[in-house]
2 protein chains.
Amino acid sequence: MTVTPQTRPNSQEQLLTPGEVATLFRVDPKTVTRWATAGRIGSIRTPGGHRRFRESEVKTLLAELTNDVSHTA
Amino acid sequence: MTVTPQTRPNSQEQLLTPGEVATLFRVDPKTVTRWATAGRIGSIRTPGGHRRFRESEVKTLLAELTNDVSHTA
DNA sequence: TCAGATTAGGGTAATTGGGGAT
DNA sequence: GGTGTCCCAATTACCCTAATCT
(Lines give C-alpha, C1' and ligand atoms only; values in the text may rest on other atoms or scores of the structure.)
Protein backbone atom coordinates (compact mmCIF):
# COMPACT_ATOMS: atom_id res chain seq x y z
CA MET A 1 0.00 0.00 0.00
CA THR A 2 1.66 3.06 -1.12
CA VAL A 3 -1.17 4.68 -2.95
CA THR A 4 -1.99 7.52 -0.68
CA PRO A 5 -2.50 10.63 -2.76
CA GLN A 6 -1.37 13.23 -0.36
CA THR A 7 0.72 16.25 -1.00
CA ARG A 8 -1.41 17.93 -3.55
CA PRO A 9 -1.53 21.56 -2.59
CA ASN A 10 -1.97 22.53 -6.20
CA SER A 11 -2.33 19.42 -8.28
CA GLN A 12 1.22 18.59 -9.17
CA GLU A 13 2.21 16.44 -12.07
CA GLN A 14 3.34 12.90 -11.58
CA LEU A 15 6.93 12.51 -12.63
CA LEU A 16 8.83 9.57 -14.06
CA THR A 17 12.52 8.70 -13.92
CA PRO A 18 14.59 8.16 -17.07
CA GLY A 19 14.67 4.45 -16.35
CA GLU A 20 10.90 4.24 -16.12
CA VAL A 21 10.45 6.12 -19.38
CA ALA A 22 13.05 3.91 -21.01
CA THR A 23 11.11 0.85 -19.92
CA LEU A 24 7.88 2.21 -21.36
CA PHE A 25 9.48 2.87 -24.72
CA ARG A 26 11.67 -0.20 -24.69
CA VAL A 27 14.78 1.84 -25.26
CA ASP A 28 17.99 2.58 -23.44
CA PRO A 29 17.85 5.28 -20.74
CA LYS A 30 20.53 7.10 -22.70
CA THR A 31 18.13 7.41 -25.56
CA VAL A 32 15.57 9.05 -23.34
CA THR A 33 18.24 11.48 -22.28
CA ARG A 34 18.97 12.24 -25.90
CA TRP A 35 15.31 12.94 -26.53
CA ALA A 36 15.34 15.42 -23.71
CA THR A 37 18.54 17.03 -24.99
CA ALA A 38 17.10 17.27 -28.47
CA GLY A 39 14.03 18.95 -27.07
CA ARG A 40 11.69 16.23 -28.23
CA ILE A 41 10.36 15.73 -24.75
CA GLY A 42 10.00 18.09 -21.82
CA SER A 43 12.08 17.44 -18.75
CA ILE A 44 12.44 18.63 -15.19
CA ARG A 45 15.85 18.59 -13.54
CA THR A 46 16.47 17.86 -9.92
CA PRO A 47 18.86 20.22 -8.13
CA GLY A 48 21.41 17.44 -8.56
CA GLY A 49 21.05 17.43 -12.33
CA HIS A 50 19.01 14.28 -12.82
CA ARG A 51 15.99 14.41 -15.11
CA ARG A 52 12.35 13.74 -14.41
CA PHE A 53 9.64 13.47 -17.02
CA ARG A 54 5.96 14.27 -16.91
CA GLU A 55 3.90 11.13 -16.88
CA SER A 56 1.12 12.72 -18.90
CA GLU A 57 3.51 13.90 -21.56
CA VAL A 58 5.14 10.51 -21.77
CA LYS A 59 1.81 8.79 -22.07
CA THR A 60 0.73 11.16 -24.78
CA LEU A 61 3.92 10.61 -26.68
CA LEU A 62 3.56 6.89 -26.22
CA ALA A 63 0.02 6.99 -27.50
CA GLU A 64 1.09 8.84 -30.60
CA LEU A 65 3.63 6.20 -31.42
CA THR A 66 1.04 3.50 -30.98
CA ASN A 67 -1.29 5.33 -33.30
CA ASP A 68 1.21 5.54 -36.12
CA VAL A 69 1.66 9.25 -36.08
CA SER A 70 2.42 11.14 -39.22
CA HIS A 71 5.23 13.04 -37.67
CA THR A 72 5.72 15.24 -40.64
CA ALA A 73 4.60 18.12 -38.52
CA MET B 1 11.31 52.33 1.59
CA THR B 2 9.52 51.15 4.58
CA VAL B 3 7.45 48.34 3.26
CA THR B 4 8.39 45.68 0.79
CA PRO B 5 5.25 44.11 -0.57
CA GLN B 6 6.14 40.51 -1.35
CA THR B 7 9.83 40.49 -1.74
CA ARG B 8 10.57 39.14 1.66
CA PRO B 9 9.55 36.24 3.85
CA ASN B 10 7.68 38.35 6.26
CA SER B 11 5.73 36.24 8.66
CA GLN B 12 3.56 33.34 7.64
CA GLU B 13 5.13 31.15 5.04
CA GLN B 14 3.68 27.82 4.10
CA LEU B 15 6.18 25.17 5.08
CA LEU B 16 6.63 21.78 3.48
CA THR B 17 7.99 18.60 4.97
CA PRO B 18 10.86 16.67 3.35
CA GLY B 19 8.36 14.07 2.24
CA GLU B 20 6.21 16.61 0.45
CA VAL B 21 9.16 18.17 -1.33
CA ALA B 22 10.35 14.70 -2.26
CA THR B 23 7.00 14.01 -3.87
CA LEU B 24 7.15 17.18 -5.93
CA PHE B 25 10.56 16.27 -7.36
CA ARG B 26 9.93 12.54 -7.50
CA VAL B 27 12.92 11.76 -5.32
CA ASP B 28 13.60 10.14 -1.97
CA PRO B 29 13.05 12.27 1.14
CA LYS B 30 16.66 11.64 2.03
CA THR B 31 17.65 13.30 -1.20
CA VAL B 32 15.80 16.44 -0.20
CA THR B 33 17.67 16.40 3.08
CA ARG B 34 20.88 16.07 1.13
CA TRP B 35 19.97 19.13 -0.93
CA ALA B 36 19.48 21.10 2.25
CA THR B 37 22.82 19.93 3.60
CA ALA B 38 24.52 20.86 0.35
CA GLY B 39 22.94 24.29 0.48
CA ARG B 40 21.03 23.78 -2.74
CA ILE B 41 17.80 24.63 -0.98
CA GLY B 42 17.03 26.70 2.07
CA SER B 43 15.73 24.89 5.10
CA ILE B 44 14.27 25.67 8.49
CA ARG B 45 14.94 23.42 11.44
CA THR B 46 12.39 22.58 14.05
CA PRO B 47 13.54 22.60 17.67
CA GLY B 48 13.75 18.83 17.38
CA GLY B 49 16.04 18.95 14.38
CA HIS B 50 13.60 18.15 11.61
CA ARG B 51 13.69 20.22 8.44
CA ARG B 52 10.97 22.31 6.88
CA PHE B 53 11.07 23.99 3.48
CA ARG B 54 9.44 27.14 2.20
CA GLU B 55 6.76 26.35 -0.29
CA SER B 56 7.45 29.45 -2.35
CA GLU B 57 11.12 28.60 -2.60
CA VAL B 58 10.37 25.04 -3.60
CA LYS B 59 7.91 26.13 -6.23
CA THR B 60 10.31 28.67 -7.64
CA LEU B 61 13.08 26.14 -7.75
CA LEU B 62 10.83 23.61 -9.42
CA ALA B 63 9.76 26.16 -12.00
CA GLU B 64 13.31 27.17 -12.82
CA LEU B 65 14.38 23.61 -13.33
CA THR B 66 11.49 22.87 -15.63
CA ASN B 67 12.18 22.69 -19.32
CA ASP B 68 9.01 22.61 -21.25
CA VAL B 69 8.90 21.66 -24.87
CA SER B 70 7.43 24.46 -26.85
CA HIS B 71 5.91 22.25 -29.46
CA THR B 72 3.38 24.85 -30.34
CA ALA B 73 2.54 23.27 -33.64
C1' DT C 1 1.13 9.07 28.10
C1' DC C 2 0.32 6.01 24.10
C1' DA C 3 0.47 4.97 19.27
C1' DG C 4 1.49 5.59 14.35
C1' DA C 5 4.00 7.93 10.90
C1' DT C 6 7.84 10.70 9.46
C1' DT C 7 12.60 12.18 9.78
C1' DA C 8 17.63 12.21 10.94
C1' DG C 9 21.87 9.87 10.69
C1' DG C 10 25.26 6.70 8.58
C1' DG C 11 26.57 3.32 5.15
C1' DT C 12 26.23 0.80 0.74
C1' DA C 13 24.18 -0.44 -3.92
C1' DA C 14 21.88 1.31 -8.09
C1' DT C 15 20.86 4.87 -11.35
C1' DT C 16 22.06 8.89 -14.00
C1' DG C 17 24.87 12.42 -16.53
C1' DG C 18 28.33 13.61 -19.80
C1' DG C 19 31.64 12.62 -23.33
C1' DG C 20 33.37 9.73 -26.86
C1' DA C 21 33.87 5.82 -29.97
C1' DT C 22 31.54 2.08 -32.54
C1' DG D 1 20.20 10.32 -38.50
C1' DG D 2 19.24 7.48 -34.64
C1' DT D 3 20.39 3.91 -31.16
C1' DG D 4 23.14 0.86 -27.92
C1' DT D 5 27.36 0.27 -25.27
C1' DC D 6 31.83 1.73 -23.08
C1' DC D 7 34.23 4.80 -19.58
C1' DC D 8 34.19 7.58 -14.99
C1' DA D 9 32.19 10.87 -11.63
C1' DA D 10 28.23 12.51 -9.38
C1' DT D 11 23.67 11.92 -7.69
C1' DT D 12 20.16 9.21 -5.95
C1' DA D 13 17.87 5.01 -3.68
C1' DC D 14 17.47 1.64 -0.06
C1' DC D 15 19.18 -0.57 4.28
C1' DC D 16 19.14 0.03 9.43
C1' DT D 17 18.02 2.20 14.41
C1' DA D 18 16.81 6.12 17.29
C1' DA D 19 14.56 10.49 17.86
C1' DT D 20 10.89 13.72 16.68
C1' DC D 21 6.27 15.07 15.07
C1' DT D 22 1.19 14.71 14.99
Side-chain angles (χ1 to χ4, degrees), chain A, chain B residues 6 8-73:
Chain A
M1 299 304 231
T2 54
V3 190
T4 308
Q6 54 184 5
T7 313
R8 45 168 194 267
N10 53 353
S11 301
Q12 264 299 326
E13 183 67 44
Q14 187 72 339
L15 301 178
L16 299 176
T17 64
E20 291 172 337
V21 177
T23 301
L24 291 175
F25 282 91
R26 287 291 221 142
V27 295
D28 194 90
K30 287 292 187 180
T31 301
V32 179
T33 297
R34 290 186 178 121
W35 293 345
T37 303
R40 285 196 283 246
I41 184 175
S43 63
I44 297 174
R45 311 284 288 229
T46 66
H50 284 201
R51 295 184 182 86
R52 297 284 115 99
F53 303 93
R54 300 177 188 275
E55 186 183 32
S56 60
E57 186 176 351
V58 172
K59 284 184 177 178
T60 300
L61 197 57
L62 198 57
E64 290 180 359
L65 294 179
T66 305
N67 193 28
D68 182 78
V69 61
S70 53
H71 51 73
T72 324
Chain B
Q6 298 175 338
R8 65 175 183 177
N10 197 345
S11 51
Q12 285 80 2
E13 174 69 52
Q14 182 63 27
L15 298 179
L16 300 178
T17 63
E20 291 173 333
V21 178
T23 302
L24 292 176
F25 281 92
R26 188 40 175 101
V27 294
D28 193 270
K30 287 303 179 64
T31 301
V32 179
T33 297
R34 202 174 299 108
W35 294 343
T37 303
R40 290 194 173 106
I41 185 174
S43 63
I44 299 174
R45 311 279 294 211
T46 66
H50 286 198
R51 296 183 182 83
R52 296 286 117 95
F53 304 91
R54 298 182 183 279
E55 185 183 33
S56 60
E57 185 179 354
V58 174
K59 284 184 179 177
T60 301
L61 184 61
L62 189 59
E64 289 187 1
L65 294 174
T66 301
N67 297 321
D68 271 309
V69 179
S70 52
H71 51 70
T72 316

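Proteins get letters first, then strands, A, B, ... in listed order; numbering begins at 1 in each.
- One finds no side-chain N or O of T17(A) lying less than 4.0 angstrom from the OP1 or OP2 phosphate oxygen of dT15(C).
- Straight-line distance from the CG atom of L16(B) to the P atom of dT6(C): 15 Å, rounded to whole Å.
- Between I41(B) atom CD1 and dT11(D) atom P the separation is 16 Å, expressed in whole Å.
- OP1 or OP2 of dT3(D) sits under 4.0 Å from a side-chain N or O of W35(A).
- The shortest heavy-atom contact between E13(A) and E55(A) is OE2-N, 4.1 Å.
- The neighbour count for R45(B) CZ, taken as heavy atoms of other residues, nucleotides or ligands under 6.0 Å away, is above 12.
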Under 3.5 Å donor-acceptor pairs involving side-chain atoms of residues 33-42 of chain A, not counting sequence neighbours:
from: T33(A); atom 1: OG1; to: P29(A); atom 2: O; distance (Å): 3.2
from: T37(A); atom 1: OG1; to: T33(A); atom 2: O; distance (Å): 2.9

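- Residues passing the side chain to side chain contact (heavy atoms under 4.5 Å, CB included) test with T46(B), sequence neighbours excluded: H50(B), R52(B).
- For R51(A) (side chain) and I44(A) (main-chain N/O), no donor-acceptor pair under 3.5 Å exists by modelled atom type.
- Q14(B) and S56(B) are not linked by any side-chain donor-acceptor pair at a separation below 3.5 angstrom, with hydrogens and angles left out of the test.
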Which parts of nucleotides 17-22 of chain C does protein reach within less than 4.0 Å, heavy atoms only, written one letter per nucleotide 5' to 3' as B for base, S for sugar-phosphate only and - for none? BB-B--

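- Proximity of R26(B) to the phosphate of dT16(C): no side-chain N or O atom is located under 4.0 Å from OP1 or OP2.
- One interatomic measurement links the two molecules: CD1 of I44(A) to C1' of dT12(D), which rounds to 17 Å at whole-angstrom precision.
- With sequence neighbours excluded, the residues that form a side chain to side chain contact (heavy atoms under 4.5 Å, CB included) with T60(B) are E64(B).
- In this structure E57(B) satisfies the salt bridge (Lys or Arg N to Asp or Glu O under 4.0 Å) test with no other residue, sequence neighbours excluded.
- Within the 4.0 Å cut-off from OP1 or OP2 of dC21(D), at least one side-chain nitrogen or oxygen of T46(B) is found.
- In the helix from dA3(C)-dT22(D) to dG19(C)-dC6(D), the terminal helix axes, each the rotation mapping four pairs' C1' atoms onto the next four within five end pairs, subtend 60°, rounded to 10°.
- Rounded to an integer number of Å, the gap from CG of D28(A) to P of dT3(D) is 11 Å.
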